[in-house]
Amino acid sequence: MTFKGQSAVVVGGSRGFGRGVVERLIASGMTVTAVARNARDLEELAREISAKIIVADATDEQASERILSETKPNLLVLSAGTPLDLRPLQEQTWETFSRPWEVDTKLTFLWVQAVLRANQGPEHVVVFGSGAALFGSPLSGGYAGAKKMNAFIAEYASGVASRAKRLIRFHCLIPPMSPHTEFGAAAARAYAQMSGQTFQEFVKQLPSPPSPTDIGTAVVALHEDPKKWNQVSYRISAKGLAPVE
């Protein structure tokens, strides 16, 4: 299926899973705008593929409404997040512990809220949760709880849209730890050290971790077949999508 004539905004689209989403959507015919804080990463992305770029802090309370109004996307993907401060609970400060809430959850809250408030907004929103929300993540402070809240926000927003009879679909994509991104590799190294394993030994135990391309393929699948993917939250691995029971 081609998405020619449609457009998307990918928040956190300059690297990692977000970049994989940008690449797959462009390959499917969409016009894609990547939003991120790092201008250098975005400029590199624009040179390498035909993505539009906007430099912005996704947690800025004015950014979401402004960017959605300017771009009017069919699809919004929220894949941005903060780097983790990986250390055990007793070594965390409240600032490091709560950082995922102040970034990952705050930006999801603001952008989903902007979608619900808009008179004409995207008809499909994909937010990112994490396998940590299902199984815990003892070295990442409040990250597991923040990502669980992202799934709740998607569920709440889906209910709001349904009651208002607005045709907006909300999905939460839940990937496990993946060594295929800089973010995931850092987490894998920390957990390997905690368990007394080498990085390679630890990674071998991970169940089918998805690559950025796998994530992009999953977003394409969710967007192109509304009747098939009628649940809000889905786990994603290299083998594909599976509903969260």
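Heads up: numbering here begins at 1 and tracks the sequence.
Put simply, the side chain of H180 reaches to within 4.5 Å of the side chain of P212, judged on heavy atoms. Contact of the T108 side chain with the F128 side chain is not registered, since no non-hydrogen atoms from C-beta on lie closer than 4.5 Å. In this structure, the side chains of D225 and K227 come closer than 4.5 Å at one or more pairs of heavy atoms. Using a 4.5 Å heavy-atom cutoff, the side chains of L84 and L139 are not in contact. When side chains are defined from C-beta on, P179 counts as touching P209, because their heavy atoms get closer than 4.5 Å. Inter-residue side-chain proximity for L45 and R19 is flagged as met; some heavy-atom pair is nearer than 4.5 Å. In this structure, the side chains of I67 and W111 come closer than 4.5 Å at one or more pairs of heavy atoms. The closest side-chain heavy-atom distance from I26 to S50 is below 4.5 Å.
Judged purely by atom type and a 3.5 angstrom limit, D214 uses its side chain to pair as donor or acceptor with the backbone of S211. With R169 contributing its side chain and L222 its backbone, the two residues share a donor-acceptor pair below 3.5 Å. Put simply, the side chain of S195 gets close to the backbone of Y191: a donor and an acceptor are under 3.5 Å apart. Side-chain N or O atoms of K106 include none that pairs as donor or acceptor with a backbone N or O of V103 at under 3.5 Å. At distances below 3.5 Å, not a single donor-acceptor pair connects side-chain atoms of S130 with backbone N or O atoms of A133. The main-chain N or O of S158 is never found under 3.5 Å from a side-chain atom of S162 such that the two would form a donor-acceptor pair. Between the D104 side chain and the T82 main chain, a donor and an acceptor come within less than 3.5 Å of each other.
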List the steps, then state whether side-chain contact (heavy atoms from CB on, under 4.5 Å) holds for F109 with I153. CA-CA 7 Å; F109 168 76; I153 290 172; 4.1 Å; yes
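The cluster map of Ile, Leu, Val, Met, Phe, Trp and Tyr, joined by side-chain heavy atoms under 4.5 Å apart, puts L78 and V244 in different clusters. Placement of M149 and V232 in two distinct hydrophobic clusters is found when ILVMFWY residues are connected by side-chain heavy-atom separations under 4.5 Å, directly or transitively. At a threshold of 4.5 Å between side-chain heavy atoms, the hydrophobic network of Ile, Leu, Val, Met, Phe, Trp and Tyr places L68 and V126 in two separate groups. If you chain together hydrophobic residues whose side chains sit under 4.5 Å apart, V125 and W229 never meet in one group. A chain of hydrophobic side-chain contacts below 4.5 Å, direct or via other Ile, Leu, Val, Met, Phe, Trp or Tyr residues, connects V115 to V9.
Aromatic ring pairs are classed by plane angle as parallel below 30°, tilted from 30° to 60° and perpendicular above 60°; the pair H124 and H223 is parallel.
Remark: the Q92 side chain and the T96 side chain contain an N/O donor-acceptor pair separated by less than 3.5 Å.
In Y234, the OH atom is crowded: over 12 heavy atoms of neighbouring residues, nucleotides or ligands sit closer than 6.0 Å.
Separating the NE2 atom in H171 from the CD atom in E155 is a distance of 10.0 Å, to the nearest 0.5 Å. One distance of note links NZ of K165 with CG of L167; it measures 10.5 Å at 0.5 Å rounding.
Among all heavy-atom pairs drawn from S208 and K239, the shortest one is OG-CE, 3.3 Å.
With salt bridges taken as basic N to acidic carboxylate O contacts below 4.0 Å, none links K52 and E70.
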